[in-house]
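As the structure is a prediction and not an experimental result, all values here were calculated from the model.
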Amino acid sequence: QVQLVESGGGLVQPGGSLRLSCAASGSIFSINAVGWYRQAPGKQRELVADINRDGSKNYADSVKGRFTISRDNAKNTVYLQMNSLKSEDTARYYCYHRGVWGQGTLVTVAS
C-alpha cells in the first residue's frame with residue numbers, strides 16, 4: 001500500500017510564504033495525477049492544484065498566480081509553493097493520489 005505524508009504547514013503572516021511537501025512511499029507520480037486539496041473548518045474539501053503524469057498542471061482560480069505545484073521524481077515528493085498567502089488560505093492541506101490520502105498538514109495565515 002502506498003502512503004502519503006504531508007509536511008511544511010504552520011503559522012504564517014498574511015503576505016508570507018510556505019512550501020508544503022507530500023512524500024510518497026513509492027514511485028507513484030509517473031503512474032497517475034497527484035493533487036493538493038484543502039479543507040477549512042465548516043467547509044468542503046476543495047481541489048487547490050494538481051499535476052498530471054505528463055507534467056501538466058491545473059490550479060483553482062482562488063490560488064492561480066500565487067501557488068505553484070511541482071514534483072521531484074527522485075524523492076517521490078510533490079511540492080506546493082504558496083506565496084502571497086491570505087487569511088482565506090487557512091485550511092488543512094492534503095495530498096491525494098489514486099484513492100490514497102495523506103493525513104494533512106495545517107496552514108494558518110493570521111496577523
Enquirer: Could you pull out all residues at least two apart from Asp54 that satisfy salt bridge (Lys or Arg N to Asp or Glu O under 4.0 Å)?
Expert: none
Enquirer: Backbone N or O of Ala33 within a donor-acceptor pair of the His97 side chain at under 3.5 Å?
Expert: yes
Enquirer: If the condition is side-chain hydrogen bond (donor to acceptor under 3.5 Å, both in side chains), which residues does Ser17 pass it with, not counting sequence neighbours?
Expert: Asn83
Enquirer: At their closest point, which heavy atom of Leu4 faces which heavy atom of Gln103, and how far apart are they?
Expert: O-OE1, 3.7 Å
Enquirer: With side-chain contact (heavy atoms from CB on, under 4.5 Å) as the test, would you mind laying out the steps for Asn52 and Asn58 before giving the verdict?
Expert: CA-CA 9 Å; Asn52 299 302; Asn58 297 286; 3.7 Å; yes
Enquirer: Pairs in or reaching into residues 40-93: which pass disulfide (SG to SG under 2.5 Å), with residues at least two apart or in two chains?
Expert: none
Enquirer: Specify the closest pair of heavy atoms between Leu20 and Gly9, including all atoms of both residues, with the distance to one decimal.
Expert: CD2-N, 3.6 Å
Enquirer: Got Val107 and Met82 here, is their nearest side-chain heavy-atom distance under 4.5 Å?
Expert: yes
Enquirer: If I compare all heavy atoms of Arg66 with all of Leu85, which pair ends up nearest, and what's the gap?
Expert: NH1-CA, 3.9 Å
Enquirer: Can you tell me how far the OG atom of Ser21 sits from the CD atom of Glu6, to the nearest 0.5 Å?
Expert: 10.0 Å
Enquirer: Among residues two or more places apart or on two chains, list those pairs meeting disulfide (SG to SG under 2.5 Å) that have a residue in residues 38-71.
Expert: none
Enquirer: Who are the side-chain hydrogen bond (donor to acceptor under 3.5 Å, both in side chains) partners of Arg19, not counting sequence neighbours?
Expert: none
Enquirer: Holding to salt bridge (Lys or Arg N to Asp or Glu O under 4.0 Å), I want the full list of residues that pass it with Glu88, two or more places apart in sequence or in another chain.
Expert: none
Enquirer: Which ILVMFWY residues are connected to Leu47, directly or by a chain of links, through side-chain heavy atoms under 4.5 Å apart?
Expert: Tyr37, Tyr94, Tyr96, Trp101
Enquirer: Taking all heavy atoms of Ala49 and all of Leu80, pick out the closest pair and write down the distance.
Expert: CB-CD1, 4.2 Å
Enquirer: Which other residues belong to the hydrophobic cluster containing Tyr79, where Ile, Leu, Val, Met, Phe, Trp and Tyr are joined when side-chain heavy atoms lie under 4.5 Å apart, directly or via other members?
Expert: none
Enquirer: Name all pairs fulfilling the disulfide (SG to SG under 2.5 Å) condition that reach into residues 52-111, sequence neighbours left out, sorted by first residue then second.
Expert: Cys22-Cys95
Enquirer: According to salt bridge (Lys or Arg N to Asp or Glu O under 4.0 Å), who are the partners of Asp50, at least two apart in sequence or on a separate chain?
Expert: none
Enquirer: If you group Ile, Leu, Val, Met, Phe, Trp and Tyr whenever their side-chain heavy atoms sit less than 4.5 Å apart, what else falls in with Leu106?
Expert: none
Enquirer: Under a 3.5 Å distance rule, please check whether Thr90 uses its side chain to pair with a backbone N or O of Val109 as donor and acceptor.
Expert: yes
Enquirer: Name all pairs fulfilling the side chain to side chain donor-acceptor pair (under 3.5 Å) condition that reach into residues 39-49, sequence neighbours left out, sorted by first residue then second.
Expert: Arg38-Glu46, Gln39-Arg45
Enquirer: Is the shortest side-chain N to carboxylate O distance from Asp61 to Lys64 below 4.0 Å?
Expert: yes
Enquirer: What I'd like to find out is whether the side chain of Val2 reaches to under 4.5 Å of the side chain of Ser25, using heavy atoms alone.
Expert: yes
